[in-house]
Amino acid sequence: MRLRLIRIIVSVIAFGVLTGSLASVGGVLWGRFARWLAGVQFLNAALAFSLSTVLVWLILTLIFGRIYCSSVCPLGTIQDIVARLPRLGARAAAGAYFYSPPLNRWRLAMLIVTLAAIMLTISSVITVLNPYGLYEQLGTWLFHPAKIAAASVTGICVAGIVMGAVLVLAFRNGRTYCNSICPVGTTLGFISKYSLFHIDINTDLCIHCGKCEEVCKASCINLTDCVVDGSRCVNCFDCLPVCPNKAISYTHRRHQLADPLMRRIKNPLAGTAAGMNGCTPTSEPVNNPPCSK
Ligand code: SF4
Ligand code: SF4
Ligand code: SF4
């Protein structure tokens, strides 16, 4: 609960400062803070050859997972806000999320396109694929429409269509853009898959109520196999307070079933039948070990 609260406070501050800056609201100190925050955005830092900033984010991701995506990225926060709208109050059940398999080939393809655009210095493509660049475009649409009139029509249309698509995807399915298109999310996901701290399901305690899966905006909780895909988890911590049995946690431990007889062994029948607690093995790249036979 505390982790989730801290995450919300940090993301609201970062989002407020960056949005205020785009709207030209705030004093000198605010402006400096906003410039610093914009400078530490992952792709901005990479494009500016600020290797120390990039390295810091990579190390933080290796330790804590994708906290970048749940704290300082304004495009992540606005997706959360938009995703929340159809899930307020009584409509929460109707807007429940469910697990979906990772679109790894698509993610990799978008990352390659981004790297190619950077090497060929195609700025229009870089802007559209840079989460902060895209957010800046939205700010221009909202706060400085006069600048739009002076810009290239094609660039405006492409950015507008992409931004609209991101928001529609967020409204319907939460962090779909983050886990299928965003090159920063894909890069950090490669590392967060092996992060020290991660979301872990204790299969001894899990009663398969499905509540954690229903609130997971990243659609990365696979209750069939009792695993969380660490490459897609955006560390929002929304799944922790809803668990009725404290079975899901943010921890450095990789859970092992309490009963040694239920621990994973090489099983020639693997994949053919459900385990004793209803879980099946998986071949997917995941963070924590699947339930065993
Ligand atoms: S995946 Fe991309 S858009 Fe989503 S929060 Fe992370 S950096 Fe931002
Ligand atoms: S598993 Fe899903 S709900 Fe839980 S922290 Fe990760 S993204 Fe959020
Ligand atoms: S909310 Fe807890 S008990 Fe329910 S499925 Fe998720 S981990 Fe298991």
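First listed ligand is number 1; within each ligand, the first listed atom is number 1.
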for atom 7 (S) of ligand 2, nearest protein heavy atom and its distance come out as Val234 N, 3.5 Å
What verdict does the salt bridge (charged side-chain N to carboxylate O under 4.0 Å, His left out) test give for Asp80 and Lys217, after you've listed the backbone C-alpha separation in whole Å, the side-chain angles of each residue and the deciding distance to 0.1 Å?
CA-CA 8 Å; Asp80 287 354; Lys217 61 187 89 172; 3.3 Å; yes
Cys206 near atom 2 (Fe) of ligand 3 via N/O/S, less than 2.8 Å
no
Please work out whether the ring planes of Phe237 and Tyr250 are parallel, tilted or perpendicular, with thresholds of 30° and 60°.
perpendicular
Note: Cys243 and Ile248 closest approach over all heavy atoms is CB-CG2, 3.7 Å
Which label fits Phe33 and Trp36: parallel for a plane angle under 30°, tilted from 30 to 60°, or perpendicular past 60°?
parallel
Taking atom 6 (Fe) of ligand 1 as the reference point, the nearest protein heavy atom with its distance:
Cys69 SG, 2.4 Å
List ligand 3 atoms under 4.0 Å from Ile207, heavy atoms only on the residue side.
3 (S), 8 (Fe)
Return the residue, atom name and 0.1 Å-rounded distance of the protein heavy atom closest to atom 2 (Fe) of ligand 1.
Cys182 SG, 2.3 Å
Which of the numbered atoms in ligand 2 are under 4.0 angstrom from any heavy atom belonging to Ala218?
7 (S)
Under 2.8 Å: N/O/S of Cys236 next to atom 8 (Fe) of ligand 2:
yes
heavy-atom search around atom 4 (Fe) of ligand 2 in the protein gives Cys239 SG, 2.3 Å
With atoms numbered from 1 as shown, which atoms in ligand 1 lie under 4.0 angstrom from a non-hydrogen atom of Arg66?
1 (S)
How does His208 reach ligand 3, by side chain, by backbone, by both or by neither, if only non-hydrogen atoms under 4.0 Å count?
backbone
Let me check your reading of the structure: within less than 2.8 Å of atom 4 (Fe) of ligand 1, is there an N/O/S atom from Cys178?
yes
Give the atom numbers and elements of ligand 2 that come within less than 4.0 Å of a heavy atom of Ile221.
1 (S)
Is it the side chain (CB and beyond), the backbone, both or neither of Cys220 that lies under 4.0 Å from ligand 2, heavy atoms counted?
side chain
Under 4.0 Å from ligand 2, counting heavy atoms only, is it the side chain of Ile248, its backbone, both or neither?
neither
Sub-4.0 Å atoms of ligand 1 with respect to non-hydrogen atoms of Arg175
4 (Fe), 5 (S)
The protein heavy atom nearest to atom 8 (Fe) of ligand 1 is Cys73 SG, 2.3 Å
Would you please determine whether Tyr177 falls within less than 4.0 Å of ligand 1 on a heavy-atom basis?
yes
Can a non-hydrogen atom of Tyr132 be found less than 4.0 Å from any atom of ligand 1?
no
Near Cys216 (heavy-atom distance under 4.0 Å), the atoms of ligand 2 are 1 (S), 2 (Fe), 3 (S), 7 (S)
Using a strict 4.0 Å cut-off to heavy atoms of Phe237, name the atoms of ligand 2 that fall inside it.
5 (S), 8 (Fe)
Under 4.0 Å from one or more heavy atoms of Cys212, ligand 3 contributes atoms 1 (S), 5 (S), 6 (Fe), 7 (S)
How about Pro131 and Gln41: do any of their side-chain heavy atoms sit closer than 4.5 Å?
no
Numbered atoms and elements of ligand 2 in range of Cys233, under 4.0 angstrom, heavy atoms
1 (S), 5 (S), 6 (Fe), 7 (S)
Is there a heavy atom in Leu223 that sits closer than 4.0 Å to ligand 3?
yes
